[in-house]
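Each chain gets a letter, A, B and so on, in the order the sequences are listed, and its residues count up from 1.
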Amino acid sequence: MKSKKYEWDAYLFLLPAALIIITFRLAPLIYTLILGFFKYDVPAPPKFIGLYNYKVLFSDPEFWLSLKNTIYYVLFSLPLQVLIPLFIAMLLNNKLKGIDFYRIIYYLPVITSVNAVALVWKWLYAKEAGLLNYFMSLIGIGKIDFLNESAGILKFVADGIANQYQIKIFQSFIDSVPAFFQGPSVAMMAIVVMSVWKGLGSNILIFLAGLQNVPRHLYEAAEIDGATIWHKFWYITWPLISPTTYFVLVMSTINSFQVFAQVYMMTPLGGPMKTTTVIVFYLYQKAFQHFEMGFAAAVACVLFFIILAMTIIQKLTVEKKVHYS
Amino acid sequence: MLKKNSSIKITLNTFCHIILITGGITMILPFIWMLSTSVKTFNEANSFPPIWVSRKLEVFIQNTLLSPRVFLILGAIMFSYFLYKWTIKQKEIKVKDFEQDITFYKVFFTLLPKLVIFLGLFLITAAFGFDNIDKLIENYRIAWVAKNFGRYFFNSFFIAVSSTTLQLVISALAAYAFAFMTFPFKDWIFMTLLATMMIPQQALLVPDYLILTHLGWINTYLALIVPWGASVFGIFLLRQFFLAIPRELYDAAKIDGCSKLGFFFKILLPLCIPGLTTLSVFTFIGSWNSFLWALIVTHTDKLRTIQVGLAAFNDSEGTRFELLMAASTFCVMPLIIGFFFAQKQFMEGISQTGMKG
C-alpha cells in the first residue's frame, strides 16, 4: 500500500529550472500582453495608451504588407516542405543500399546555422558571378538578379516566356488577374527555395520514421491484388502516414511564420519593393531599430495569435482527415 | 503469386539512386562552393564564368597530392586509422558496460579513441605541410585575426559549452523531480511547462530584452547563457530517459540510506549518459546557431557570437565574398565536423525526439 507522502524537497530540485523558465518564458509572455497596451519608446518611460498601438498597427500598410509577404512565404514553402521530403523519404524507404549515407548528406544543411547558409545562398544568387546564373546561362537563359527582382514569380516567368519564346498567352493571362495572384516576388521565392533546401533533412527523417511504421504485409497483399505504384501510395501509404504528415504540416507552418534570419541576411533592407519584409522582420525593425517597444509588443501578440489561430484551424480542418489506426 | 520481375526492380532501384544522388549533390553543392570560394582572391571570386579551382588551390594540390608528399599523407592517414581502430578495440576490452561505476581507468579508455582522432588530424595536417596549408588559408587568417572571428569563435564556443553544462545540471535536476518524486501540483506544473513550448520565440523577444535591461545583463555573457540554462524541451527529454530507469533502484537506494542527490549523481546520471549526450548535442547546436537572440542582446564587438559577427561582417564588407565564405566556414564547419564524428548518437537522438510528436 503506497502512502501519498509528499516530498517537499522536490521543489528544491525544480527551483533553478523554474526560476529560469518563469523569468524568461512565462513572465515575458504576460509582460508582452500587457506591454501591448503601452507606449514605450525606450528610453522614455512607458505610458498607458490602451488599444492605440493596435489601432496604429492595423492601419499601417507596412504591417499588412508584411503579413501578405509572410502568407506568401508560408503558402509557397509549405507544399515544398511537405511533399519533397515525403518523396525522398519514400525513395529511401525501399531498403536501398547506402541509406545511412543519404541520411547524413540530406541532414547536413539542417545542422548548419541559418545565417551562414543564407549568406552562401546570397552568393549563389549573385547576378554577375553567382553559380545559379552561370547554370542558367548554360541553358540559354539570361542573367537574373534574384534577390533584387520584385516582380511576382508567376508574372516574371510569364514575361520571360513571352520575351524569349514569343508565347504570349501566359503573359496576358497573368496580366489580367489581380496582383496577389502574380505570386511572391522572385526575391521571396529565392528565399523560399533556400529555406526548403535547409529544412529538407529533418522532415525526411520524420517521414522515414512514419513510413517505417507502415506494415509491409499491406503492400505485399496489394501487390498480389495487382495494385500499381500509385494505388499503393494513395490507398495505403498516404492514409497510414497521415499522422506524420499532419505533424510535419503543423510544425512547418509554425516555423514558417517565424522566418527571420534568412531575410535579414539575404535582403537586409526588406527586399525589393519591401517584398521580403516578413512579420518578424517588421517586428525586429520596430523593436530594435526604432525602439518602439510597446508597439512591437503589440505586433508580437498579433503574431502569437496568428500562429495560434493557424494551429487551431489546422487542427479543426486537417486533423479530421488524419487516419489514426 | 507473381514474382516481381528482377530487371524492373533493378531499373527502379537505379532510378531511385539517380534521383537521390542528384538531390544529394544539390544538398552539398552550396557547401562545396562555399569552400571553393573561401580560397579565392577577390578577383577570382567575382569572375564569370565561375572558377572552381582557384590559383591558391591549384598550387596547393600541386604541392601536396601531385607530389611525392602524397605518400607521406597516405601514410599519416593509414597510421591514424589503424591507431584509432586499435584504441577502439582496447576500449572494448577494458571497459565493460555492466560495471556501473565511473573510474578514471574507464574514462581514460573511453576518451582515448577521440584523442587519437585529434592526434591523427594533427599528423595528417603536418603531412600536408604547414606552409602549404598556410598559403591556402589566407582568407581564413584575415577573417580570424583582422576581422576578429577568432574572438567570435571563442565567444560562441564558451557560450555553447556554458549553456550546455548549465542545461545538463538544471534540467536534469528538474526532470529528476518529475520522474521520481511526488509533490503537490506535479501534473499541473508539468502541463504548464509543456504549454510554454508552444510560445514562439519572437513573442518573447521584447519583454526578454526589457527584463535583461532591468537586470543589467544586457551586453554581458550572462544574457547569452542563463536564459538557455534550462528548457522545457530538456526537462521533457530527460524525464523520458529517467522514467526508463526502474523505480526499484531508487527505492532500494533510499532504503540503503543514499541521499536523493547521491542517487542522482552516482547512479541515475551514469545510467542515462545517452540521454544526456542527446540533450548536450541539441543544446550545443542550438546555442551555436542562435542568431536573433544574440543579435539583440549584445552591442559590443567583444561579445559577439560567431553568427552575429557574420551578420556584422556582411553589413560592412558585403561584397568581399571570398572573406565572407571563409567566415561562413567558421560558422558551419565545427558542427559539420562534430556531426560526422557523432552521427550515430545524433541520428538516434533525433529519431527519438522527432517521433514523440
Side-chain angles (χ1 to χ4, degrees), chain A residues 4 6-11 13-14 16-17 20-21 23-26 28-29 31-32 35 88 91 94 96 102-106 108-109 111-117 119-121 123-124 128-129 131 134 205-206 209 224 247 258 260-261 264-265 280 283 287-288 293 296-297 300 303-304 307, chain B residues 1 13 16 19-20 23-24 27-28 30 33-34 45-50 170-171 173-174 176-177 181-184 196 199-200 202-208 210-211 226-227 229-230 232 235 285 289 291-292 296 307 310-311 314 321 324 328 331-332 335-336 339 343 347 350-351 354-355 357:
Chain A
K4 198 79 185 230
Y6 282 143
E7 297 161 270
W8 294 95
D9 53 349
Y11 285 122
F13 284 89
L14 290 180
I20 293 182
I21 292 179
T23 318
F24 296 106
R25 303 253 176 275
L26 281 177
L29 184 63
Y31 198 174
T32 290
L35 198 56
I88 297 189
L91 288 179
N94 284 327
L96 290 174
Y102 285 125
R103 280 199 323 194
I104 295 173
I105 296 284
Y106 280 91
L108 221 47
I111 58 164
T112 54
S113 58
V114 196
N115 50 325
V117 296
L119 213 51
V120 178
W121 275 83
W123 175 224
L124 285 175
E128 289 305 324
L131 203 56
Y134 172 64
L205 285 188
I206 298 178
I224 297 177
F247 175 70
Q258 299 175 11
F260 173 74
Y264 185 82
M265 296 299 283
V280 180
L283 172 68
F288 301 105
M293 295 295 179
L303 175 63
F304 178 48
I307 295 182
Chain B
M1 178 160 127
N13 249 340
C16 287
I19 300 186
L20 285 173
M27 291 289 120
I28 4 181
W33 186 239
M34 173 182 83
N46 286 310
S47 65
F48 188 86
I170 295 184
S171 294
L173 286 173
Y176 182 41
M181 305 180 204
T182 49
F183 49 92
T196 63
I199 306 172
Q202 292 81 6
L204 304 176
L205 272 182
V206 171
D208 272 337
L210 293 172
I211 291 177
V226 176
V232 183
I235 297 178
I285 294 180
N289 286 342
F291 176 62
L292 185 51
I296 65 177
Q307 313 297 347
L310 187 67
N314 185 34
F321 274 105
L324 282 174
S328 298
C331 289
V332 154
L335 292 187
I336 291 189
F339 180 63
Q343 358 136 335
M347 290 300 185
I350 290 169
S351 54
M355 285 207 285

Item to check | B:Pro30 and A:Leu124, any side-chain heavy atoms less than 4.5 Å apart | outcome: yes

Item to check | Residues forming a ring pair (Phe, Tyr, Trp, His ring centres under 6.0 Å) with A:Phe24, sequence neighbours excluded | outcome: none

Checklist entry - Just by modelled atom types, is the B:Met27 backbone N or O under 3.5 Å from a matching donor or acceptor in the A:Tyr106 side chain? => result no

Item to check | Backbone of A:Leu119 reached by a side-chain donor or acceptor of B:Asn314 within 3.5 Å | outcome: no

Next on the checklist: Which one wins on heavy-atom pair count under 4.5 Å against chain A: B:Ser328, B:Pro184, B:Ser47, B:Ala45?
Outcome noted: B:Pro184

Next on the checklist: Can you tell me which of B:Leu335, B:Ile296, B:Asn46 forms the most heavy-atom pairs within a distance under 4.5 Å of chain A?
Outcome noted: B:Ile296

Next on the checklist: Under 4.5 Å from any heavy atom of chain B, what part of A:Val280 do you find: side chain, backbone, both or neither?
Outcome noted: side chain

Next on the checklist: Can you classify the ring geometry of B:Phe321 versus A:Trp123 as parallel (below 30°), tilted (30 to 60°) or perpendicular (above 60°)?
Outcome noted: parallel

Next on the checklist: So which atom in A:Ser113 and which in B:Asn289 form the shortest heavy-atom distance, rounded to 0.1 Å?
Outcome noted: CB-OD1, 3.0 Å

Checklist entry - Step by step, would you call B:Phe339 with A:Leu108 a side chain to side chain contact (heavy atoms under 4.5 Å, CB included)? => result CA-CA 8 Å; B:Phe339 180 63; A:Leu108 221 47; 3.5 Å; yes

Item to check | Pairs of heavy atoms under 4.5 Å with chain A: top-ranked of B:Pro227, B:Ala311, B:Gly229, B:Gly23 | outcome: B:Pro227

Checklist entry - Between B:Ile285 and chain A, which part of the residue has a heavy atom less than 4.5 Å away: side chain, backbone, both or neither? => result side chain

Item to check | Worked check of side chain to side chain contact (heavy atoms under 4.5 Å, CB included) between A:Met265 and B:Leu310 | outcome: CA-CA 9 Å; A:Met265 296 299 283; B:Leu310 187 67; 4.3 Å; yes

Checklist outcome for this item: Given B:Ile211, B:Leu210, B:Val226, B:Val332, the one with more heavy-atom pairs under 4.5 angstrom with chain A than any other is B:Leu210

Item to check | Choice from A:Asn115, A:Ile21, A:Ile105 maximising heavy atom contacts with chain B below 4.5 Å | outcome: A:Asn115

Checklist outcome for this item: Tightest non-hydrogen contact, residues A:Ala17 and B:Ala174, listed as CB-CB, 3.7 Å

Item to check | Residue among A:Ala296, A:Ala300, A:Pro28, A:Ala297 with most heavy-atom pairs under 4.5 Å to chain B | outcome: A:Pro28

Checklist entry - Quick one: does B:Gln202's side chain have a donor or acceptor within less than 3.5 Å of a partner on A:Gln258's backbone? => result yes

Checklist entry - A:Leu14 and B:Phe183: side chain to side chain contact (heavy atoms under 4.5 Å, CB included), yes or no, with the steps? => result CA-CA 11 Å; A:Leu14 290 180; B:Phe183 49 92; 3.7 Å; yes

Item to check | Among the listed options A:Ile88, A:Leu91, A:Leu26, A:Val114, the residue most often paired with chain B at heavy-atom distances under 4.5 Å | outcome: A:Leu91

Next on the checklist: Please check this pair: side chain of A:Thr32 against backbone of B:Leu204, looking for a donor-acceptor N/O pair closer than 3.5 Å.
Outcome noted: no

Checklist entry - Is it the backbone or the side chain of B:Ile19 that comes under 4.5 Å from a heavy atom of chain A, or both, or neither? => result both

Next on the checklist: Test side chain to side chain contact (heavy atoms under 4.5 Å, CB included) on B:Phe48 and A:Tyr134; report intermediate values, then the result.
Outcome noted: CA-CA 8 Å; B:Phe48 188 86; A:Tyr134 172 64; 4.0 Å; yes

Next on the checklist: Please rank A:Tyr102, A:Tyr31, A:Phe260, A:Trp8 by heavy-atom pairs under 4.5 Å with chain B and give me the top one.
Outcome noted: A:Tyr102

